[in-house]
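Let me begin by presenting the structure, written as structure tokens, before commenting on it.
The basis for the numbers below is simple: all heavy atoms, side chains too, and nothing from hydrogens, waters or symmetry mates.
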Amino acid sequence: MWLLLLAAFGLILLYRWYKYSLILENLTDKYVFITGCDSGFGNVLAKQLDKRGMKVLAACLTETGVENLKKEASSRLQTTILNVTNSESVSSAAKWVNDIVSDQGLWGLVNNAGIATPTAPNEWLTKDDFKKILDVNLLGLIDVTLNMLPLIRRARGRVVNVSSIAGRVVICGGGYCLSKYGVESFSDSLR
């Protein structure tokens, strides 16, 4: 009986040690760049990481998104306008990030920008409908990642590509599932 209690106590201590080893230290020294911060997950993530003391570099598509995010965040959070479908905009954002992080590098990149429409049965859609989604969800994500990789390597950082179950199972017609399959494949190729 005592041996069983001792083993259980040992497992509890081992679990607690493992749990605390996962806690990251010095979050206030780290920079994270997040795309798609106008609304939704990107907006919430930017505010949450800001509250935890991280240096957040948030990219929004619109000036309204920038203004709304600045109202709800601290002065640590910095914003820029980014259209992931425009390579000049992506290059400009990468230069902006490089100027801010300098030698420290970028600890995290969260590729969150994405759209889901137009979605319909394939025969109702045109090639441009597919292209619109693929440009944002896949090609934009690739462009941002390739431009930020030198900064991420400098900090030995991580890339988080926001995907979907639609990257594994087709749930609708249109370019959405195609783009998410591509995101899954690109993410695998980065490993």
Derivation and outcome, side-chain contact (heavy atoms from CB on, under 4.5 Å), residues Arg158 and Ile152
CA-CA 7 Å; Arg158 300 292 183 261; Ile152 293 165; 6.0 Å; no
Compare all side-chain heavy atoms of Lys95 with those of Asn98 and state whether any distance is below 4.5 angstrom.
no
Say whether Ile34 and Val101 are linked into one hydrophobic cluster, either directly or through other cluster members, by side-chain heavy-atom distances under 4.5 angstrom.
no
With a 4.5 Å cut-off on side-chain heavy atoms, are Ile142 and Leu146 touching?
yes
Check this for me: Arg52, atom CZ, are more than 12 non-hydrogen atoms of other residues, nucleotides or ligands nearer than 6.0 Å?
no
Restricting to side chain to side chain contact (heavy atoms under 4.5 Å, CB included), what partner residues turn up for Asp135, sequence neighbours left out?
Thr85, Lys131, Leu139
At what distance, to the nearest 0.5 angstrom, does OH of Tyr176 lie from OG1 of Thr117?
11.0 Å
What's the spacing between Leu69 CG and Thr64 OG1 if we round to 0.5 Å?
12.5 Å
Between Ser164 and Lys180, the two heavy atoms sitting closest are CB-CG, 3.9 Å
Are Leu149 and Phe186 connected into the same hydrophobic cluster when the rule is that any two of I, L, V, M, F, W, Y join if their side-chain heavy atoms are below 4.5 Å apart?
yes
When rounded to the nearest 0.5 angstrom, what is the spacing between CG in Asp143 and CE in Met148?
9.5 Å
Closest non-hydrogen contact found for Lys132 with Ile115 is O-CD1, 3.8 Å
Verify the neighbour count for atom CG of Leu5: are there more than 12 heavy atoms of other residues, nucleotides or ligands below 6.0 Å?
yes
Which distance, rounded to the nearest 0.5 Å, do you find between the CG of Asn122 and the CG of Asp129?
10.5 Å
Is the closest side-chain heavy-atom distance between Asn112 and Leu45 below 4.5 Å?
no
For the student: nearest non-hydrogen atoms of Leu134 and Gly175, plus distance:
CD2-O, 4.1 Å
Closest contact, heavy atoms only, Ser163 versus Val183
CB-CG1, 3.9 Å
Taking only residues two or more places apart in sequence or in another chain, which ones pass side chain to side chain contact (heavy atoms under 4.5 Å, CB included) with Ile100?
Tyr31, Leu57, Gln78, Trp96
Do Trp107 and Met54 make a side-chain contact, defined as non-hydrogen atoms from C-beta onward lying under 4.5 Å apart?
yes
State whether a side-chain donor-acceptor pair under 3.5 Å links Ser89 with Asn83.
no
Side-chain heavy atoms nearer than 4.5 Å, only ILVMFWY residues, links allowed to pass through others: does that put Ile133 and Leu138 together?
yes
Run the side-chain contact (heavy atoms from CB on, under 4.5 Å) test on Val110 and Thr35 for me, step by step, so that the C-alpha distance in whole Å, both residues' side-chain angles and the decisive distance to 0.1 Å come before the verdict.
CA-CA 6 Å; Val110 180; Thr35 65; over 6 Å; no
Rounded to the nearest 0.5 angstrom, the CG-CG distance for Leu82 and Asp38 is 10.0 Å
Carefully, step by step, assess Tyr15 and Leu11 under the rule side-chain contact (heavy atoms from CB on, under 4.5 Å).
CA-CA 6 Å; Tyr15 172 74; Leu11 286 173; over 6 Å; no
Output all residues satisfying side-chain hydrogen bond (donor to acceptor under 3.5 Å, both in side chains) with Asn43, sequence neighbours left out; order by chain, then residue number.
Lys47
Check: Asn161 and Leu141 side chains under 4.5 Å, non-hydrogen atoms:
yes
Less than 4.5 Å apart, side chain to side chain, heavy atoms only: is that true for Glu184 and Arg168?
yes
I would like to know whether Val160 and Asn111 meet side-chain contact (heavy atoms from CB on, under 4.5 Å); could you show each step before the answer?
CA-CA 6 Å; Val160 177; Asn111 282 308; over 6 Å; no
Working to the nearest 0.5 angstrom, can you tell me the gap between Phe33 CZ and Leu106 CG?
8.0 Å
Closest heavy-atom pair and its distance - Gly42, Cys37
O-SG, 3.7 Å
Starting from Val97, can I reach Leu77 by hopping between I/L/V/M/F/W/Y residues whose side chains sit under 4.5 Å apart?
no
Where is the tightest heavy-atom contact between Ala94 and Leu151, given as atom of each residue plus distance?
O-CD1, 4.1 Å
Please say yes or no: joined through hydrophobic side-chain contacts below 4.5 Å, possibly via intermediate residues, are Leu109 and Val162 part of one cluster?
no
